[in-house]
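Working notes, beginning with the structure itself.
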Amino acid sequence: MKLRIDQKELADAARRAHRRLPNNPIAPILAGLLIEATEDAVTLSGFDYETSTRAVLDAEILEPGTALVSGRLLADVSATFPAGLVDVVADEHEVTVSAPGTTFALPAMPVSDYPALPDAPGAAGSVDGDLLAAAVGHASQCTLPMKEAVGSLVGFAGVHVLVDGDQLTVSASDRYRIVRRTLPWQPDNDRAGELLIPAGEFAATVKQTAGRPVQLGFADSYGAVASLATDTLTVTSRTIAGKFPDIAGFFPKPEAAAGSALVDTAELLAAVNRAALVIEDKNPINITFAEGKATVRGGGAGQRGSSELAADADVDDFAIAFNPHYLASLLAPVEGPVRIWLFTPRKPVLIEPVDDDTYRAVCMPVRLT
């Protein structure tokens with residue numbers, strides 16, 4: 001195999017692919033990156049039995065062929081070359097990366113030992129990559145760690161995507177928080193579909209596919225392979241072998257609320273973060289709505305802090321406590337005013353941006369004795 005490629009293109013592709021490889025692979029061969037040069041295209045691929053990446057590179061193919069090389073070495077070596085064209089030449093023994101004045105010879109790994117990459121399912125439609133990255137990136141913060149998601153809780157470790165008609169919905173929950181974001185969806189057919197991918201893997205993938213339209217391919221069963229693809233990158237991920245919890249019934253109904261409070265999101269978020277500075281362990285912050293303002297307090301006898309902000313509330317002397325990190329995470333993606341629907345101090349609140357009907361969140365309060 002022999003090809004000529006821009007140094008930055010090779011270095012960026014190798015770096016991104018290497019980051020998705022496991023630090024301690026179950027088999028040494030999985031630490032490699034597969035370079036395939038055909039008459040028409042060059043691809044760089046990685047696989048760990050759960051996630052595969054396949055990037056199409058813009059290169060001049062001088063001689064078709066296939067090579068397998070350490071992902072870490074290829075990423076490190078390609079990053080050291082100056083800008084310009086780089087030659088990559090491989091035989092069954094070594095992979096040589098060279099430019100005028102600089103040459104690296106890397107040991108080749110046996111291509112025959114490398115597992116076959118899974119086929120990506122057919123695309124069901126497309127979504128804006130930046131919107132998807134923002135929605136999944138935020139939702140992934142509101143999930144259970146995989147090690148805690150055992151048995152019936154396994155669905156809480158993933159970010160769920162559901163498409164129906166021209167709408168795509170991203171959801172996640174860790175039982176104390178629920179987030180849901182709807183995005184425009186351009187379907188290729190009239191079929192609905194869904195996928196549930198481990199939160200960390202999903203967040204890493206959408207970072208790679210941001211900036212361009214993303215095609216989604218849905219798994220045909222729980223635990224099967226789903227895909228995200230752009231014009232230059234295809235990523236397959238094994239979905240979680242379990243169902244996402246039916247969270248629709250856990251969104252409180254505004255008509256059943258005792259009242260609501262309308263506040264500026266940035267001011268409330270800043271007050272929550274300030275109050276969090278003086279709490280210890282997992283103690284909550286307290287928010288009281290009274291006389292046209294919200295008072296956010298944190299801390300105890302030794303150290304404490306409070307902030308006041310304007311609040312248009314139709315409840316008076318309503319006090320409720322939250323884990324500050326949970327509440328802050330749900331407010332973070334909101335811009336402008338937000339309405340918080342209040343029920344009782346022990347029941348979840350519903351968070352709805354005033355100027356954005358695509359986002360809803362639920363936060364469980366901390367029960368105070």
Side-chain angles (χ1 to χ4, degrees), residues 127-146 148-149 153-164 167-185 194-207 210 214 216 239-240 242-254 257 260-261 263 265-266 268-269 272-273 276 287 320 322-343 347-366:
V127 61
D128 181 276
D130 289 333
L131 295 179
L132 183 65
V136 172
H138 175 248
S140 66
Q141 303 172 32
C142 305
T143 60
L144 275 183
M146 185 63 77
E148 297 179 19
L153 300 180
V154 67
F156 290 103
V159 174
H160 183 251
V161 169
L162 174 69
V163 300
D164 191 9
Q167 190 174 87
L168 180 148
T169 304
V170 177
S171 306
S173 176
D174 60 3
R175 299 179 298 162
Y176 302 101
R177 294 169 289 178
I178 302 174
V179 293
R180 173 167 286 178
R181 170 78 73 176
T182 56
L183 306 175
W185 169 252
E194 63 178 319
L195 55 82
L196 180 63
I197 296 178
E201 292 182 15
F202 208 170
T205 296
V206 294
K207 283 184 179 180
V214 178
L216 300 185
T239 57
I240 292 176
K243 294 186 65 175
F244 184 67
D246 184 5
I247 61 173
F250 291 95
F251 281 88
K253 299 184 184 303
S260 68
V263 296
T265 305
L268 178 58
L269 180 58
V272 169
N273 288 332
I287 304 178
I320 191 167
F322 294 101
N323 177 311
H325 306 296
Y326 288 175
L327 181 58
S329 69
L330 301 180
L331 294 173
V334 179
E335 296 182 359
V338 64
R339 185 172 297 281
I340 302 176
W341 294 94
L342 305 165
F343 298 83
K347 289 187 176 180
V349 299
L350 176 64
I351 299 171
E352 292 184 325
V354 172
D355 301 324
D356 181 6
D357 61 1
T358 67
Y359 177 76
R360 302 178 82 207
V362 175
C363 191
M364 177 68 72
V366 176

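In this chain, numbering begins with 1 at the start of the sequence shown. If you're wondering where the values come from, they're calculated on a predicted model, not measured in any experiment.
Applying the side chain to side chain donor-acceptor pair (under 3.5 Å) test to pairs two or more places apart or on separate chains, those with a residue in residues 196-205 are Arg20-Thr205, Thr51-Glu201. For residues 328-342, every residue pair satisfying the side chain to side chain donor-acceptor pair (under 3.5 Å) rule, not counting sequence neighbours, is listed here: Arg177-Ser329, Ser260-Arg339, Trp341-Glu352.
Interatomic distance, OG1 of Thr169 versus CZ of Arg180, reported as 6.5 Å (0.5 Å rounding). Taken from CG in Leu216 to CD in Glu194, the straight-line distance is 13.0 Å, to the nearest 0.5 Å. Between Tyr176 atom OH and Phe156 atom CZ the span is 10.5 Å, to the nearest 0.5 Å. Summarising the geometry, atom OH belonging to Tyr326 is positioned 9.5 Å from atom SG belonging to Cys142; distances are rounded to the nearest 0.5 Å.
Considering only residues two or more places apart in sequence or on other chains, Pro337 meets the side-chain contact (heavy atoms from CB on, under 4.5 Å) condition with Leu262, Val354, Asp355. Listed by chain and number, the residues in a ring-ring contact (aromatic ring centres under 6.0 Å, His included) with Phe343 amount to none (sequence neighbours excluded). Ala135 is linked by a side-chain contact (heavy atoms from CB on, under 4.5 Å) to Val170, Arg181, Leu183, counting only residues two or more places apart in sequence or in another chain. By the side-chain contact (heavy atoms from CB on, under 4.5 Å) test, Val334 is found to be paired with Thr265, Val338, Pro353, Tyr359, residues two or more places apart in sequence or in another chain being considered. Every residue was checked against the side chain to side chain donor-acceptor pair (under 3.5 Å) condition with Thr143, not counting sequence neighbours, and none meets it. Applying the side-chain contact (heavy atoms from CB on, under 4.5 Å) rule to Ala134 yields no partners; only residues at least two apart in sequence or on another chain are considered. Taking Thr182 as the reference, nothing meets the side chain to side chain donor-acceptor pair (under 3.5 Å) condition, with sequence neighbours excluded.
Residues Lys347 and Ile320 approach most closely at O-CD1, 4.4 Å, considering heavy atoms. The two residues Gly158 and Ala172 have their closest heavy-atom pair at O-CB, 4.3 Å. Taking both residues in full, the closest heavy atoms of Ile240 and Met146 are given as CD1-CE, 4.5 Å, listed atom of the first, atom of the second, then distance. Residues Cys363 and Ile351 share a closest heavy-atom pair of CB-CD1, 4.5 Å. In this structure, Gly242 and Leu196 approach most closely via the heavy-atom pair O-CD2, 3.5 Å.
Taking 4.5 Å as the limit, some side-chain heavy atom of Leu327 sits within range of a side-chain heavy atom of Ile287. Glu148 is not listed as a side-chain neighbour of Leu153, based on a closest heavy-atom distance of 4.5 Å or more. Using a 4.5 Å cut-off on side-chain heavy atoms (C-beta onward), Leu131 and Pro184 make contact. Side-chain contact between Ser171 and Leu162 is absent, with no heavy atoms from C-beta onward closer than 4.5 Å. Looking at heavy atoms from C-beta onward, Val206 lies in side-chain contact with Phe202 at the 4.5 angstrom threshold. Between Pro324 and Asn273 the shortest side-chain heavy-atom distance does not fall below 4.5 Å. In this structure the side chain of Leu268 reaches within 4.5 angstrom of the side chain of Ile340, judged on heavy atoms. Side-chain contact between Val127 and Trp185 is present, with heavy atoms from C-beta onward closer than 4.5 Å.
Heavy atoms of other residues, nucleotides or ligands lying less than 6.0 angstrom from CG of Asp164 number 12 at most.
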Atom pairs and distances, side-chain donor-acceptor, residues 243-253, under 3.5 Å, sequence neighbours left out:
none

